[in-house]
Amino acid sequence: MSAEFYQVLSLAMRYWFALLGILIVLRSFYWLHKDRRARHRRLRRLPDAGLIGEMVVLSDLEGMPAQTALAVPYEGILGSVRGCDIPLPAPGIQARHLDFWYDSRQGLMIRPRKNRYCTVDGEEASFRHPLAMGHGSILQLGPAALRLRLFAGLETEYHARFQDDVLPPTEAMHYGVQPGKEPDHES
Amino acid sequence: MRAEKRRDPGQRLTMVVCLFYFSAFLLLFLRDFVWQGLALAFAVPFTIFLSNRLLPKLFPADGLLLALAHFLCALGILVLYDTNPAYAYSQTVSYGVSVAAMFFCVWAVRIVRSRRIPVFFLAVLSLGLLAAPLVFGREIYGAKNWIFVGSVSVQPSEVVKLSLLVVLAYCMARRRFWSWFLFALGCLGLLMLQKDLGTALLYYSVGMLMFFASDGSVWILAAGTLGGAGAAVMGFRMFAHVKRRVAIWRNPWANYDGAGYQLVQGLMAIASGDLFGVGLGLGSPRTIPVYHTDFIYAVICEQFGMIFGLCVLAIYVALVWRGATIAMAARHSFHGLLALGATLMLGLQTFVIIGGVLKLIPLTGVTLPFISYGGSSLVSSMCLIGLIQGVASLNEDDLMEDTEIALGREEMSM
């Protein structure tokens, strides 16, 4: 093919390539948009997707009445700031107080961060000593007491030692901070 | 069923990608009638078609990610064929290897769900790999980051990218601060010794953003940014080639036939491309130094024009958007962090090199993911896509499990 003819052909093909480029971009973003809508629709049909149960607040807290149910995902952070997976704004609870994750054999594992404390069914958990929560277990941190309700199909062999709504005794060490340390709060 | 298939966006997008690639190769074939070139015109769409068919059969794959990554790889092979066919043949072989590596990564992500990851072994191996160029390597463009084994050359920092993400995601998900911090510090130190500052910048930024995603502390992000800025100033004072690159970035025209030649040629190529380009196979892309790796984006803009250049940028944006969506939908923090890290790695690398070519930031020697010439870069980029694909397939599995639980609950209530 002569150089002149190739040049004319190549110059003409520029518009074709630009068109295909735009088409690829439009198709990609259309796909992104369509998938987002499909996912929203699917999740609307599955309101509990990504959740293993809920924690029910057992006593009145500041801005959070008793019997409030907090959704519990498979893993995350519990703390007083809004960005946490389980936000619990109450005095004595640190910005990021504890990490939790669901273990299919043991239940919901609770591990407070360093220098943070909490109790699970009266037993003290710490960074080096994480504890498991089963269906009905009570988590006490600061003035807050929360009862875990696991969804059907997710219960483990572990059973809570406190099956009624009577809270375990609250002591100073249960208030989530080490004695002599002030709790930090982030807005 | 037939109507559903016809409406499948994946097939349509793949069809457009193959049409683009095939028509471009046909045009180049008409220029010089090389039959090997025509073979490439069939080989690459065949690989795209095969992987698009095979992957969804093995795992629940994300078709969009796959199609976009394939398009970018095909574009790279096309531009390389136009400028230097020998590079294109070599890149096609790397492309085949990278698709296989991507499949392996998807499988690996799915399997680690039930097994422990030997992070300590991975970390030691990565540090050893990064130290290897300091002992056996050769200095290329001011950085000693390549090792040569016979006729094969490997850039260990490209391989370590993957293990870095795995180790960081694993340790951050388990709140093992010191483990990942010391490992990342070791990697950065070795990269500084290699004088590979572009990769060090990438590792640092990805590590910092992953930590922010895992911990959520704004103070640590601010401290990390300040620390990064301090390290950049220190690097500027310590390394002569960094000073030179900053000077070129500030005014490349001051020494346009010397140190600033590369950047000036790149800018002139983009400008001469105008909106629709000079035409595929025309122009003079080979006048840009390192046109096949660092400056390949300038070649694309020259040949196809700025509109197409913007389309390529938009495709990277779509890729990052999709990766971030997959990371956010992950149920476990390890998978979320892994997908996020891989997405950030691809996104930041693209920003660093395109920003350098467009004179937005000082130029650093990193490759444009999927497009630039280089087997290590292509394989590692496709492996990153494999990691994201793996997480996407796990997300799909989790959603299916949720559906089953919900259906079981409905049956119980009835």
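Treat the numbers as computed from the prediction; the structure is a model and nothing was measured. Both backbone and side-chain heavy atoms feed into the values below; hydrogens, waters and symmetry mates do not. Throughout, a chain's letter reflects where its sequence line sits, starting with A, and its residues are numbered from 1.
Only the side chain of Ile77(A) has a heavy atom closer than 4.5 Å to any heavy atom of chain B. For Leu46(A), the part sitting under 4.5 Å from any heavy atom of chain B is the side chain, from C-beta outward, and nothing else. Only the backbone of Val278(B) comes within contact range of chain A, judged by heavy atoms closer than 4.5 Å. Proximity to chain A involves both the backbone and the side chain of Phe276(B), based on heavy atoms less than 4.5 angstrom apart. Heavy atoms closer than 4.5 Å to chain A are found nowhere in Asp32(B), neither backbone nor side chain. With a threshold of 4.5 angstrom between heavy atoms, Leu399(B) approaches chain A through its backbone and through its side chain. For Tyr6(A), the part sitting under 4.5 Å from any heavy atom of chain B is the side chain, from C-beta outward, and nothing else. Heavy-atom distances place both the backbone and the side chain of Leu30(B) under 4.5 Å from chain A.
Residues Met133(A) and Met55(A) have side chains in contact (heavy-atom distance under 4.5 Å, counting atoms from C-beta outward). Tyr170(B) has its side chain out of reach of Leu337(B): every pair of non-hydrogen atoms, C-beta onward, lies at least 4.5 Å apart. A heavy-atom distance below 4.5 Å is found between the side chains of Asp82(B) and Arg31(B). Counting only heavy atoms from C-beta outward, the side chains of Tyr81(B) and Val34(B) approach each other to under 4.5 Å.
Atom CG of Leu150(A) is separated from atom CG of Leu108(A) by 7.0 Å, given to the nearest 0.5 angstrom. Residue Thr14(B) holds its OG1 atom at 9.5 Å from CZ of Phe49(B), rounded to the nearest 0.5 Å. Rounding to the nearest 0.5 Å gives a distance of 9.5 Å between CG of Leu23(A) and OG of Ser28(A).
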(message) Evaluate Leu68(B) against Phe370(B) for side chain to side chain contact (heavy atoms under 4.5 Å, CB included), listing each step before the verdict.
(response) CA-CA 10 Å; Leu68(B) 294 182; Phe370(B) 310 107; over 6 Å; no
(request) Could you walk me through whether Glu302(B) and Ser272(B) pass side chain to side chain contact (heavy atoms under 4.5 Å, CB included), step by step? (result) CA-CA 6 Å; Glu302(B) 188 195 22; Ser272(B) 64; 3.8 Å; yes
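Atom CZ of Phe5(A) sits in a sparse spot, with 12 or fewer heavy atoms from other residues, nucleotides or ligands closer than 6.0 Å. In the displayed structure, Arg36(A) atom CZ is contacted under 6.0 Å by at most 12 heavy atoms of other residues, nucleotides or ligands.
The choice from Gly281(B), Ala314(B), Ser333(B), Ala173(B) that makes the most heavy-atom pairs within less than 4.5 Å of chain A is Ser333(B). By number of non-hydrogen pairs under 4.5 angstrom with chain B, the leading residue of Phe127(A), Trp16(A), Trp101(A) is Trp16(A). No other option in Ile24(A), Leu9(A), Leu26(A) has as many heavy-atom pairs under 4.5 Å with chain B as Ile24(A). Among Ser10(A), Ala3(A), Gly21(A), Ser2(A), the residue with the largest count of heavy-atom pairs under 4.5 Å with chain B is Ser10(A). Here Leu64(B) is the residue among Val312(B), Thr325(B), Leu64(B) with the most heavy-atom pairs under 4.5 Å with chain A. Note on Met13(A), Gln7(A), Arg14(A): by heavy-atom pairs under 4.5 Å with chain B, the leading option is Arg14(A).
Exactly one of Arg111(A), Glu124(A), Glu123(A) qualifies for a side chain to side chain contact (heavy atoms under 4.5 Å, CB included) with His129(A). That residue is Glu123(A).
Within residues 15-26 of chain B, the residues having any heavy atom less than 4.5 Å from a heavy atom of chain A are, in residue-number order, Val16(B), Val17(B), Leu19(B), Phe20(B), Ser23(B), Ala24(B).
One finds no salt bridge joining Asp397(B) and Arg331(B) here, because no Lys/Arg side-chain nitrogen approaches an Asp/Glu carboxylate oxygen to under 4.0 Å.
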